[in-house]
Amino acid sequence: MPATDKSDRTMTSVTAQEALDFHAQGRPGKLEISPTKPMATQRDLSLAYSPGVAVPVKAIAEDPATAYDYTARGNMVAVISNGTAILGLGNLGALASKPVMEGKAVLFKRFADVDSIDLEVDTENVDEFINCVRFLGPSFGGINLEDIKAPDCFIIEQRLREVMDIPVFHDDQHGTAIIAAAGLINALTLTGRDFKTTKLVCNGAGAAAIACIELIKAMGFNSENIILCDTKGVIYKGRTDGMNQWKSAHAVETDRRTLAEAVEGADVFFGLSAKGALSPDMVRSLAPKPIIFAMANPDPEITPEEVTQIRDDAIVATGRSDYPNQVNNVLGFPYIFRGALDVRASTINDAMKIAAAESLASLAKEDVPDDVAAAYQGNRPRFGPQYIIPVPFDPRLISAIPMAVAKAAMETGVARKPIADLNAYGQQLSARRDPIASTLQRIFERVRRHPKRIVFAEGEEVQMMRSAIAYANQQLGTAILLGREEQMRETAEREGIDLNRPGIQIVNARLSKRVSAYTDFLYARLQRKGYLFRDVQRLINNDRNHFAACMVALGDADGMVTGLTRNYSTALEDVRRCIDAKPGHRVIGVSIALCRGRTVLVADTAVHDMPSAEELADIAEEAAGLAKRLGYVPRVAMLAYSTFGHPSGERSERVREAVKILDRRRVDFEYDGEMAADVALNARVMEQYPFCRLSGTANVLVMPAFHSASISTKMLQELGGSTVIGPLLVGFDKSVQIASMSAKDSDIVNLAAIAAYNAGT
């Protein structure tokens, strides 16, 4: 099944221990429940529970539709499985499916802001499963069935749709079908074909394959032009071996009996079967300009490279994220449910599925926005054979697909709460996007296309080793571990870490042939700053930060990450002895804070203790520049304890002067100040100052001093539940990032990826 919530890579990209650590660290699992209303006072509790809760209870009893107004039902989807067909692993049982179902719930939230909870039903009896789910209906706005074996999944979905008045959607079937149909629409356009006359062969007759065939038939594909095959060959009229009612519905009159015979002269191949099912000879026998969707996971029926060796006129799609044209279910199910929930649809019908497929197809034909193009480092994807399906991190997905689905639901009469203003709805959808996750995804994608050599300076530390392996495994480039190899390997063996893998390089500073060059380079920089030659020799031989920074300075690596074994300011001093600021720039630290889907960049959180007005203006420019590179339109608030002159004070005067300096510089981004944090971040409070030059709430906050920046971001993280990334170093001539001493593996990998990203800008 070709989806990112399915395993679309082998375990070469993620080690078993990494996967276990990820799921076990902190609070086990991937989900938690967080209240959406205040629970701080006795009055809050009285409203949330007894006696206040009795009021909505009575209202719902009188009018069940008000449950959508007074409870979370309208934004809640249940992800339900019995574990009989777990992501290619087979029938491992309900409990074993729970990590996958939690993952699916996370994707619902991440991509479409749909709340979700996983339910694992411990039965393989179809009737028991159906009865369990149907009676849970009042709890949810929709049901996402997952990882249920065929043919049980057909029966379960059909009967639940009949007895429930909320959307029931088996994503293994319909998700794949929708994304494949979108790609097929565009592939047919590029090859000058149409639905009526195109000949298609589908290999595999499971849930996803049957759903693909049914959907494209509903879109106008001629039934006589589709041949379905399974492990026993062609499904033809009159065949009895290995048949069931779902296969029989797609049997055709034909004298072809094998897959090889079926594909001869066919225009399109759909593969939902197994690795190697489509041979080179079969590819040669396809019609001119063939369309090949090899969607088996983790390994396709044939790889794009193999197809290219045989012929140069094919359009190829797979279920893999490391090839163009990925048939990825995450492009569908979060947004389909988003649209269905928002109109309170009673079902997800064919019209809604077709609308989703057509919307996806149309999106691929449009010029991609800059934040998607950034992931390709100048190679902007354009509609064509290598780009027929949008990429998962396209920010337009959240508005385009739900709008199309909602519109189709309204037009077909299954929407119980029609949307009057679709344009306003589209704006609301865009606001639901998770900017930090999208930004990181774009960064990782671009680095994969242009891998970089990153030095992990404290290579003997277990955290650094694990982070380096994760960096290499994610195909971000070469991870250079700096340290004594013997000690490193002893530690790695003790901790169960395998350093003998592609993408890992070990460098011992004392044994390096570059020691002399680094020493000469650093001595030239420090000889007039009180350092003797032997002092510099000791730094290069004994201090990994200095050695790593010299590697980067002299081009032997593209970037570095450090910080686990010494405090931030000390590590920063080490680096600054070796690397200067970029000409015309100022080195600052910027933290990215995400709280409830809202993102702000906070500066300076690492370098300047008590910045002057001139320095504050520089900080604003550097932070705004970073915001632009990350795909945001900066709105910079120059923060203080006062707002536009009240109350007055010396420290606020520095901030006011910084605004005047920005005025004189005529910078090309929005800014204003001085203002208090609530004015900058609360639109209603900002309205009290109609002369404020910001067009909306600020997304870049320039703090008046380092202490306020550091305190505020740490409080956001610890008390506000915010995710904080950074501080990210900005302004160096070479790419350097410093982690905190408490950084987790994932934090270090993020910083290494950002170092690699900055090395390419």
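This chain uses plain numbering: 1 for the first residue, then up along the sequence.
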Going by distance alone, is a donor N or O of one side chain under 3.5 Å from an acceptor N or O of the other, for [X] and [Y]?
| X | Y | result |
| --- | --- | --- |
| Arg338 | Asn75 | yes |
| Thr254 | Arg256 | no |
| Glu157 | His174 | yes |

Between Arg257 and Glu261, is the closest basic N to carboxylate O distance under 4.0 Å?
-> no
Residues Asp127, Arg159: salt bridge by 4.0 Å N-O rule | yes
Work out which heavy atom in [X] is nearest to a heavy atom in [Y]; give both atom names and the distance.
| X | Y | answer |
| --- | --- | --- |
| Asn203 | Ser273 | ND2-OG, 2.9 Å |
| Leu31 | Ala105 | CD1-CB, 3.9 Å |
| Leu286 | Val263 | CD2-O, 3.4 Å |
| Ile130 | Ile155 | CD1-O, 4.4 Å |
| Ile178 | Ala356 | CG2-CB, 3.9 Å |
| Phe169 | Phe333 | CE2-CB, 4.4 Å |

Check: [Y] main-chain N/O paired with [X] side-chain donor or acceptor under 3.5 Å:
| X | Y | result |
| --- | --- | --- |
| Asn186 | Ala361 | yes |
| Arg320 | Pro298 | yes |
| Glu306 | Pro280 | no |
| Ser362 | Glu358 | yes |
| Lys247 | Gly242 | yes |
| Arg161 | Ile348 | yes |
| His23 | Ala19 | yes |
| Asn297 | Pro300 | no |
| Asp313 | Pro288 | no |
| Gln173 | Ala211 | no |

Report the C-alpha separation of Val252 and Ser223 in whole Å, then their side-chain angles, then the decisive distance to 0.1 Å, and conclude whether the side-chain contact (heavy atoms from CB on, under 4.5 Å) test is met.
-> CA-CA 8 Å; Val252 293; Ser223 299; over 6 Å; no
Do [X] and [Y] come within less than 4.5 Å of each other through their side chains, counting heavy atoms only?
| X | Y | answer |
| --- | --- | --- |
| Leu145 | Leu160 | yes |
| Met282 | Ile302 | no |
| Val133 | Ile156 | no |
| Phe383 | Leu190 | yes |
| His170 | Phe154 | no |
| Val114 | Lys109 | no |
| His250 | Glu214 | yes |
| Phe108 | Asp115 | no |

Quick one: SG on Cys212 to CG on Leu184, what's the gap to the nearest 0.5 Å?
-> 9.5 Å
Around atom [atom1] of [X], are there more than 12 heavy atoms from other residues, nucleotides or ligands closer than 6.0 Å?
| X | atom1 | value |
| --- | --- | --- |
| Lys289 | NZ | no |
| Phe195 | CZ | yes |
| Glu224 | CD | no |

Stepwise side-chain contact (heavy atoms from CB on, under 4.5 Å) check, Asn225 with Thr198 = CA-CA 7 Å; Asn225 290 338; Thr198 299; over 6 Å; no
Using the side chain to side chain contact (heavy atoms under 4.5 Å, CB included) rule, pick out the option among Asp267, Ile291, Asp194 that qualifies with Leu188.
-> Ile291
Would you please test Ile179 and Met295 for side-chain contact (heavy atoms from CB on, under 4.5 Å) and show each step?
-> CA-CA 11 Å; Ile179 314 309; Met295 297 177 279; over 6 Å; no
Donor-acceptor list for residues 79-101 side chains, cut-off 3.5 Å, not counting sequence neighbours:
from  : atom 1 : to     : atom 2 : distance (Å)
Ser81 : OG     : Gly83  : N      : 2.9
Ser81 : OG     : Glu146 : O      : 2.8
Ser81 : OG     : Asp147 : O      : 3.3
Asn82 : OD1    : Thr84  : N      : 3.2
Asn82 : OD1    : Thr84  : OG1    : 2.8
Asn82 : ND2    : Thr123 : O      : 3.2
Thr84 : OG1    : Lys149 : N      : 2.8
Asn91 : OD1    : Gly93  : N      : 3.4
Asn91 : ND2    : Glu124 : OE2    : 3.0
Ser97 : OG     : Ala94  : O      : 2.6
Lys98 : NZ     : Asp118 : OD2    : 2.7

Could you list the residues that satisfy ring-ring contact (aromatic ring centres under 6.0 Å, His included) with Phe269, not counting sequence neighbours?
-> none
